[in-house]
Participant: 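My questions all concern the structure below.
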Amino acid sequence: MVLKIFFPQCCNRADSGLLVGRWIANNDSAVVLAVIHYPFISGQVKQYIQKMQAQSGVELSVLGSWSLPKEGQEGMESFLVDLSTIFPHERWLQISRQVGKTGFICNILLRDQNGGAAQQKVMKKRDEEDEKTDGKDGEEEKVIFVHYEQRKVMLSELHPVQNGVPDPKTDPPSELRQMFHTVAHSQPLFFIDRYDDGPLKTTHWQSEGREGSIIVELLKQASVPLCMLITWLLSMWTWICNIRIFSWYPLRLLGSKLSTCVQLNYRTEHMRTISSTKPAAGHSDFMRKANIVVSILVDVALGLLLISWLYRDNHITMLANTLVPAADHVAKELDELLQWLMGAPAGLKMNRALDQVLGRFFLYHIHLWISYIHLMSPFVEGILWYGGLSACLGLTFALSLLSDMVALLTLHIYCFYVYGARLYCLKIYGLSSLWRLFRGKKWNVLRQRVDSCSYDLDQLFIGTLLFTILLFLLPTTALYYLVFTLLRLLVVLLQGVLHLSVDFLNSFPLFAMALRICRSYRLAEGVKFRVLCEEPGTALHLMMEINPLKCSTVVQTYRTPTYSCYPKDSWAALVKKLFVGELIYPWRHKTTKTD
Amino acid sequence: MADDAFTDISGKTISLDCQTHSSFCREFTVSSPKVSIGKVLVYTCSVWLVAYIVFFFTENTAVLSSAIIITLVGMMLHIHLVKVDHESLLVIGSLGIQVTSSYASGRETTTFIEKSKIKDIVINEAIYMHQIIYYLCVLLKDPSEPNAVSSVVPLFQSSKPRLNCLEKVYRSCQEILSKC
């Protein structure tokens with residue numbers, strides 16, 4: 001069996017002493033966490049280790065001894081050999097290193113049944129000398145030294161993240177995961193630095209001095225009152241929202257349809273998540289909160305940028321002055337389109353009477369719409385001015401407001417589409433049913449299939465007459481339906497683009513991406529090994545580096561869930577719906593109530 | 001250290017380099033055939049010829065500059081994302097297997113598979129267009145079912161060495177895997 005020893009890089013030059021760490025994976029691997037230097041008192045070391053074990057929850061023990069002999073410390077070797085009898089062990093590692101050489105030498109002592117220590121020589125030599133000693137030992141044990149950078153492994157999180165405690169029987173955690181877990185949870189062990197006046201002197205990544213960041217500490221102090229303020233504001237807002245008048249059905253319906261209200265609800269939920277004063281329980285929780293905070297801040301920053309552009313140089317007045325003429329222009333174009341359809345569009349001959357009826361009906365609607373626009377025109381500038389203020393809550397609000405305004409302004413196109421689609425749909429259903437009658441068949445609702453049926457003569461007569469009428473009126477209705485569906489699809493496309501950008505701003509994990517770019521070791525997909533140059537006579541040395549997560553995996557794992565669900569219909573289903581005349585709603589909001 | 005000349009499945013010369021770091025740690029590097037100068041010349045000349053013809057008809061210099069930019073960007077993307085220089089397999093007994101692909105621009109992508117997830121390394125056959133080729137692959141274990149194979153990771157996909165090269169690598173790997 002091969003014994004793997006995970007050795008921190010910071011201890012490569014440490015003075016001689018005791019190795020503290022943990023045995024993992026059925027005692028096949030050892031993770032060295034720190035070196036406790038001579039001079040020490042064994043009782044104090046045992047006490048310290050027990051205290052650390054209680055604080056961190058990691059099963060620490062003394063793994064063995066480390067010796068890097070310097071001048072004036074010749075007696076150290078024998079002293080360290082005798083230590084194995086003081087500390088209880090299954091195996092005792094004696095790792096030594098010569099100054100000037102890069103390789104380590106490791107001896108492993110096993111505890112004999114009689115209580116004495118039997119020694120097994122483990123030196124890895126490639127020369128012939130070893131052949132003689134090989135025959136004496138039973139099984140030779142090989143050693144691999146895996147060097148790791150302690151700070152990076154401590155801060156890193158191995159993906160896929162396992163939330164909660166996995167069942168050790170069905171899915172035992174792998175060796176690497178256990179190693180990462182050990183280092184990450186041994187933080188209390190790294191608190192003593194060399195400026196401490198305690199009884200023990202240790203070497204680990206923080207022994208040159210404890211690291212800390214003033215900004216992080218200040219933010220931690222400031223976060224508690226901030227959270228309380230946000231909680232209070234949220235409670236006021238929830239109280240306002242729960243006033244009786246808002247639960248009146250039409251207002252509730254309107255609220256669920258307008259994307260601004262949906263976005264408002266969504267952001268309120270986010271604020272509720274980040275305003276809790278409990279610290280994050282685990283990596284996923286922390287990342288989610290951080291992503292939400294950064295997303296809100298970026299949103300507000302972009303919104304303020306938009307405001308600074310909008311309220312300068314009379315941009316609002318310019319926009320308001322172009323809006324009414326633009327709406328007028330659209331209405332005029334629709335007018336011309338309808339006049340064209342009422343004539344002989346593209347050379348097709350329409351049924352005059354139906355044509356005139358439908359054309360005049362839609363023309364009257366446009367006339368109503370234009371009068372409404374002209375009525376609203378003095379208020380447009382004011383509406384734009386106050387609406388633009390909503391961008392200070394975030395760019396997503398401004399975009400949702402824009403999407404809602406587009407929906408309101410093109411309400412007539414939506415109405416035309418619904419009328420045209422309903423008419424067309426009725427016609428198609430009528431035609432298909434009468435076609436069945438024409439052939440002598442009937443739709444059996446009970447059995448959901450087509451059955452033959454004997455009709456009376458007068459049924460057949462009326463049926464055939466109606467069928468002929470509907471068939472000859474089909475081209476006219478179909479043309480109107482086609483034109484208005486195309487217009488509606490254009491508007492849906494525009495709204496879709498706005499919704500997609502809102503969704504992108506809501507869900508993109510900016511904090512996770514920034515972490516992946518700047519501190520890539522914190523999000524680890526795995527590890528990679530590099531063979532360090534070997535010297536004959538020493539064990540195999542490997543350098544373990546962290547393999548960061550791919551950017552696409554980062555986005556997939558840490559995406560904030562949003563309220564929009566993408567179109568459920570595939571392209572084929574959409575075309576089929578268009579052909580039959582069913583109303584299409586390609587952008588549906590996920591409703592949380594009907595789950 | 002052994003350095004032999006083998007060929008890949010299309011007949012181009014590749015080379016295999018075996019390095020033994022220790023009795024249970026070996027590294028195999030297969031280098032892919034290099035890009036031939038002739039191909040690069042043909043590609044660049046054809047793109048610029050087409051650009052000149054279009055310029056002749058449209059008299060717009062933007063066509064020429066866009067052709068130059070397209071060629072440069074295309075070549076940079078090719079050597080950074082597509083052209084694999086060498087692939088290596090590092091087998092460490094009782095730790096696992098590490099597969100590295102190095103691209104022509106120096107970029108390296110590494111995957112490490114732990115020992116507990118590896119069921120075996122085998123040479124598998126595949127039908128590829130009109131030929132049957134052999135490839136070396138790692139069989140991964142399903143954590144819930146120890147006897148089933150959950151997925152297959154093919155090795156040396158860009159260099160595609162032939163059976164003689166694969167046999168050498170296979171024998172060395174099996175020596176190490178059987179020991180630990």
Side-chain angles (χ1 to χ4, degrees), chain A residues 1-6 24-26 28-29 103 124-126 130 134 139-146 158 160 162 166-180 524-550, chain B residues 1 17-29 80-81 86-103 106-119 138 140-148 150-151 153 155 172-173 175-180:
Chain A
M1 253 341 280
V2 181
L3 178 71
K4 290 159 278 212
I5 302 179
F6 291 91
I24 56 176
N26 306 328
D28 279 336
S29 314
K124 290 277 319 144
K125 275 192 199 158
R126 300 246 189 82
D130 213 33
D134 260 358
E139 356 163 301
E140 202 185 286
E141 200 155 346
K142 300 169 196 135
V143 179
I144 304 181
F145 282 99
V146 180
L158 201 58
Q162 280 178 344
D167 190 359
K169 283 187 205 135
T170 54
D171 195 7
S174 68
E175 201 177 345
L176 274 177
R177 207 169 267 275
Q178 280 184 337
M179 187 251 170
F180 272 72
E525 190 181 31
V527 293
K528 38 186 184 199
F529 291 94
R530 197 159 45 96
V531 180
L532 296 174
C533 58
E534 50 274 13
E535 281 175 1
T538 57
L540 179 70
H541 289 265
L542 298 169
M543 179 71 205
M544 181 175 93
E545 282 155 357
I546 295 186
N547 207 8
L549 216 53
K550 281 195 274 268
Chain B
M1 288 257 235
D17 179 29
C18 311
Q19 239 190 332
T20 312
H21 298 290
S22 126
S23 72
F24 50 88
C25 175
R26 282 196 199 141
E27 186 165 6
F28 307 96
T29 312
H80 191 71
L81 297 173
H86 58 265
E87 291 171 301
S88 71
L89 178 73
L90 175 69
V91 182
I92 310 169
S94 91
L95 249 188
I97 294 182
Q98 175 167 291
V99 182
T100 318
S101 296
S102 312
Y103 292 84
R107 179 172 80 108
E108 282 190 2
T109 46
T110 324
T111 324
F112 177 71
I113 308 171
E114 277 186 72
K115 176 82 194 256
S116 54
K117 293 209 184 81
I118 297 177
K119 188 155 189 280
V138 181
L140 298 183
K141 258 192 274 201
D142 204 7
S144 45
E145 246 183 284
N147 285 332
S150 77
S151 55
V153 178
L155 305 173
S172 302
C173 287
E175 260 177 47
I176 298 179
L177 285 183
S178 56
K179 260 196 274 185
C180 326

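Letters A, B, ... mirror the listed sequences (proteins, then strands); counts begin at 1.
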Participant: Examine whether an atom of V531(A) lies under 4.5 Å from a heavy atom of chain B, and if so say whether it belongs to the side chain, the backbone or both; otherwise answer neither.
Facilitator: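 For V531(A), side-chain heavy atoms alone lie under 4.5 Å from chain B.
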
Participant: H541(A): which residues meet the ring-ring contact (aromatic ring centres under 6.0 Å, His included) condition with it, sequence neighbours left out?
Facilitator: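 In terms of ring-ring contact (aromatic ring centres under 6.0 Å, His included), with neighbours along the sequence ignored, H541(A) is linked to F104(A), F145(A), H147(A).
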
Participant: Counting only non-hydrogen atoms closer than 4.5 Å, does K4(A) touch chain B with its backbone (N, CA, C, O), its side chain (CB onward), both, or neither?
Facilitator: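 Side chain only.
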
Participant: With a 4.5 angstrom heavy-atom cut-off, which part of E175(A) approaches chain B: side chain, backbone, both or neither?
Facilitator: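 Looking at E175(A), backbone and side chain both touch chain B.
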
Participant: Over all heavy atoms of both residues, which pair between V527(A) and Q98(B) is shortest? Give the atoms and the distance, please.
Facilitator: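 Smallest interatomic distance, heavy atoms only, reads O-OE1, 4.4 Å.
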
Participant: List the residues meeting ring-ring contact (aromatic ring centres under 6.0 Å, His included) with F180(A), not counting sequence neighbours, and say none if there are none.
Facilitator: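 For F180(A) there are no ring-ring contact (aromatic ring centres under 6.0 Å, His included) partners, ignoring immediate neighbours.
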
Participant: Enter the distance from L177(B):CG to F24(B):CZ here, rounded to the nearest 0.5 Å.
Facilitator: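 Spacing of CG (L177(B)) from CZ (F24(B)) equals 13.5 Å.
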
